[in-house]
Colleague: 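Below you'll find the structure I mean.
Start at 1 with the first residue, then count along the sequence.
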Amino acid sequence: MNQHDADNDDKLARTTDRFSVGLTGGIGSGKTTVANMFAERGAAVIDTDAIAHQLTAANGVAIAPIVSEFGSAFIDASGAMDRAKMRAHIFSDASAKRRLESILHPLIRAETASAAELAEGLYLIFVVPLLIESGNWRERVKRILVVDCDEQIQLQRVMQRNALSQSQVRAIMATQATRQQRLEAADDVITNDSGPAALMPQIEQLHALYQALSRSI
Ligand code: ADP
């Protein structure tokens, strides 16, 4: 490996030298809601799910490698990856899941690192739905923030938001880390079991902490 590659690897591994928080939580726990509240207060939010969507949208960087690996049957009429078809395919085929991830993960990592380099804001928040389950996020961020939510409330929110049945939501939840696993990995926890008003003081308190920590780096 030459010096340039080594520098690049190093850059991707740490993502940023700035103070950064990895925000995670189960589906429907309230990650987006919470991230928006930090953004309103001046944090720079980088959403890895949105990056993954851009990569697989029409003209996205991942489309060509997906076509060469899986064929054009997985591309819809607009030129984007057919997400429903791909989801069904990788659900029943573990090797296809690994092959898709080996295309997407390095691209997501590179895009996330460049977004972090360009980001302005008081500090960085990376929204990573599968932070506990995948990759080396623990080494790439200074703190892990978990949005925690009662499972019944989580179920209700996702059934309503995505028009899914209870068993469909439970099937998605079964592929994610458990509530306990997430809480064990957390440096900070936001409880999102009731209305938006209960979030406000928790956000204010952590925002003050993150600003103080970012100043002390
Ligand atoms: P995630 O990004 O973790 O999937 P969202 O932030 O999209 O979760 O929240 C899931 C759904 O629940 C959304 O429709 C959102 O508007 C709603 N929601 C989130 N937090 C609250 C809350 N405290 N009170 C009421 N609805 C909420």
Colleague: Do side-chain atoms of N136 reach the backbone of E139 as a donor and acceptor pair under 3.5 angstrom?
Modeller: no

Colleague: With clusters defined by side-chain heavy atoms of hydrophobic residues (ILVMFWY) lying less than 4.5 Å apart, directly or transitively, does L145 cluster with L130?
Modeller: no

Colleague: Is there side-chain contact between R140 and R109, with at least one heavy-atom pair below 4.5 Å?
Modeller: yes

Colleague: For the side chain of D76 and the backbone of D82, is there at least one donor-acceptor N/O pair under 3.5 Å apart?
Modeller: no

Colleague: Please indicate whether K97 has more than 12 foreign heavy atoms, meaning atoms of other residues, nucleotides or ligands, lying under 6.0 Å from its NZ.
Modeller: no

Colleague: Identify the residue among I125, V127, I51 that makes a side-chain contact (heavy atoms from CB on, under 4.5 Å) with I46.
Modeller: I51

Colleague: Can you tell me how far the CG atom of L124 sits from the OG1 atom of T112, to the nearest 0.5 Å?
Modeller: 11.5 Å

Colleague: Looking at every non-hydrogen atom in both residues, tell me the closest pair between T56 and A62 and how far apart they are.
Modeller: CG2-CB, 4.3 Å

Colleague: May I have the step-by-step check of side-chain contact (heavy atoms from CB on, under 4.5 Å) for Q202 and V34, ending in yes or no?
Modeller: CA-CA 10 Å; Q202 302 182 76; V34 164; over 6 Å; no

Colleague: Do L213 and W137 sit in one hydrophobic cluster, given that two such residues count as connected whenever their side-chain heavy atoms are within less than 4.5 Å of each other, even indirectly?
Modeller: no

Colleague: Drop me the distance from Q156's CD to Q166's CD, to the nearest 0.5 angstrom.
Modeller: 7.0 Å

Colleague: Give a yes or no answer on whether the side chain of K31 reaches the backbone of G25 with a donor-acceptor pair at less than 3.5 Å.
Modeller: yes

Colleague: Rounded at 0.5 Å granularity, tell me how far OG in S214 sits from CG in L209.
Modeller: 9.5 Å

Colleague: Taking only residues two or more places apart in sequence, or in another chain, which ones meet D49 in a salt bridge (charged side-chain N to carboxylate O under 4.0 Å, His left out)?
Modeller: none

Colleague: Between the side chain of R18 and the main-chain N/O of A119, is any donor-acceptor distance below 3.5 Å?
Modeller: yes

Colleague: Relative to each other, are the rings of H89 and F70 parallel, tilted or perpendicular (30° and 60° limits)?
Modeller: perpendicular

Colleague: May I have the step-by-step check of side-chain contact (heavy atoms from CB on, under 4.5 Å) for L23 and V128, ending in yes or no?
Modeller: CA-CA 6 Å; L23 188 164; V128 190; over 6 Å; no

Colleague: Rounded to the nearest 0.5 Å, how far apart are CD1 of I172 and OG of S167?
Modeller: 10.0 Å

Colleague: Taking E133 for its side chain and A177 for its backbone only, find out whether a donor-acceptor pair lies under 3.5 Å.
Modeller: yes

Colleague: Over all heavy atoms of both residues, which pair between T48 and P129 is shortest? Give the atoms and the distance, please.
Modeller: OG1-CD, 3.7 Å

Colleague: Is L206 reachable from I217 through a run of hydrophobic residues whose side-chain heavy atoms are each under 4.5 Å from the next?
Modeller: yes

Colleague: Applying a strict under-4.5 Å side-chain criterion to I, L, V, M, F, W and Y, I'd like to know whether L183 and V147 cluster together.
Modeller: no

Colleague: Taking side chain to side chain contact (heavy atoms under 4.5 Å, CB included) as the definition, give me every residue that meets it alongside Q168, ordered by chain and number, with sequence neighbours left out.
Modeller: L164, S165

Colleague: Between V158 and G28, what is the shortest heavy-atom contact and its length?
Modeller: CG2-CA, 3.6 Å

Colleague: What I want to check is whether the side chains of R182 and T24 have a donor and an acceptor closer together than 3.5 Å.
Modeller: no

Colleague: So, the side chain of Q181 versus the backbone of T178: is there a donor-acceptor pair under 3.5 Å, distance only?
Modeller: yes

Colleague: Are side-chain heavy atoms of V169 and M173 found at a separation under 4.5 Å?
Modeller: yes

Colleague: Identify whether I203 and L122 are in the same connected component of the hydrophobic contact network (ILVMFWY, side-chain heavy atoms under 4.5 Å).
Modeller: yes

Colleague: Parallel, tilted or perpendicular, judged at 30° and 60°: which one describes the rings of Y123 and F38?
Modeller: perpendicular

Colleague: Taking ring-ring contact (aromatic ring centres under 6.0 Å, His included) as the definition, give me every residue that meets it alongside F19, ordered by chain and number, with sequence neighbours left out.
Modeller: Y210

Colleague: Find out whether R99 and S95 are in side-chain contact, i.e. whether some heavy atom of one side chain is under 4.5 Å from a heavy atom of the other.
Modeller: yes

Colleague: For T191 and D193, which I'm curious about, is there any donor-acceptor pair between the side chains at under 3.5 Å?
Modeller: no

Colleague: State, with a plain yes or no, whether a side-chain heavy atom of S29 is found less than 4.5 Å away from one of R157.
Modeller: no

Colleague: Measure the spacing between CD1 of I27 and SG of C149 and express it to the nearest 0.5 Å.
Modeller: 11.5 Å

Colleague: Can you name the nearest heavy-atom pair linking L55 to I108, along with the distance?
Modeller: CD1-CG1, 3.6 Å

Colleague: Minimum heavy-atom separation for A39 to V45, with atom names?
Modeller: CB-CG2, 3.8 Å

Colleague: Side chains of D188 and I144, heavy atoms from C-beta outward: is any pair under 4.5 Å?
Modeller: no

Colleague: State, yes or no, whether a side-chain contact exists between Q176 and I132 at a heavy-atom distance under 4.5 Å.
Modeller: no

Colleague: Taking atom CD of Q154 and atom CG of D150, what is their separation to the nearest 0.5 Å?
Modeller: 8.5 Å

Colleague: Any idea which heavy atoms bring P201 and A197 closest together, and the distance?
Modeller: CD-O, 3.4 Å

Colleague: Do F126 and V21 have side chains that approach each other closer than 4.5 Å (heavy atoms only, starting at C-beta)?
Modeller: no

Colleague: Decide yes or no for Q211 and R41: does some side-chain heavy atom of the first lie under 4.5 Å from some side-chain heavy atom of the second?
Modeller: no

Colleague: Checking side-chain contact (heavy atoms from CB on, under 4.5 Å) for the pair E101/I90: CA distance, chi angles, key distance, verdict?
Modeller: CA-CA 10 Å; E101 286 173 351; I90 64 174; over 6 Å; no

Colleague: Would you mind checking if R138 and D187 are paired as a salt bridge, meaning a charged N to carboxylate O distance below 4.0 Å?
Modeller: yes

Colleague: Using the side-chain contact (heavy atoms from CB on, under 4.5 Å) rule, take N192 and L199 through it: C-alpha gap first, then chi angles, then the decisive distance, then the call.
Modeller: CA-CA 7 Å; N192 188 23; L199 285 176; 3.6 Å; yes

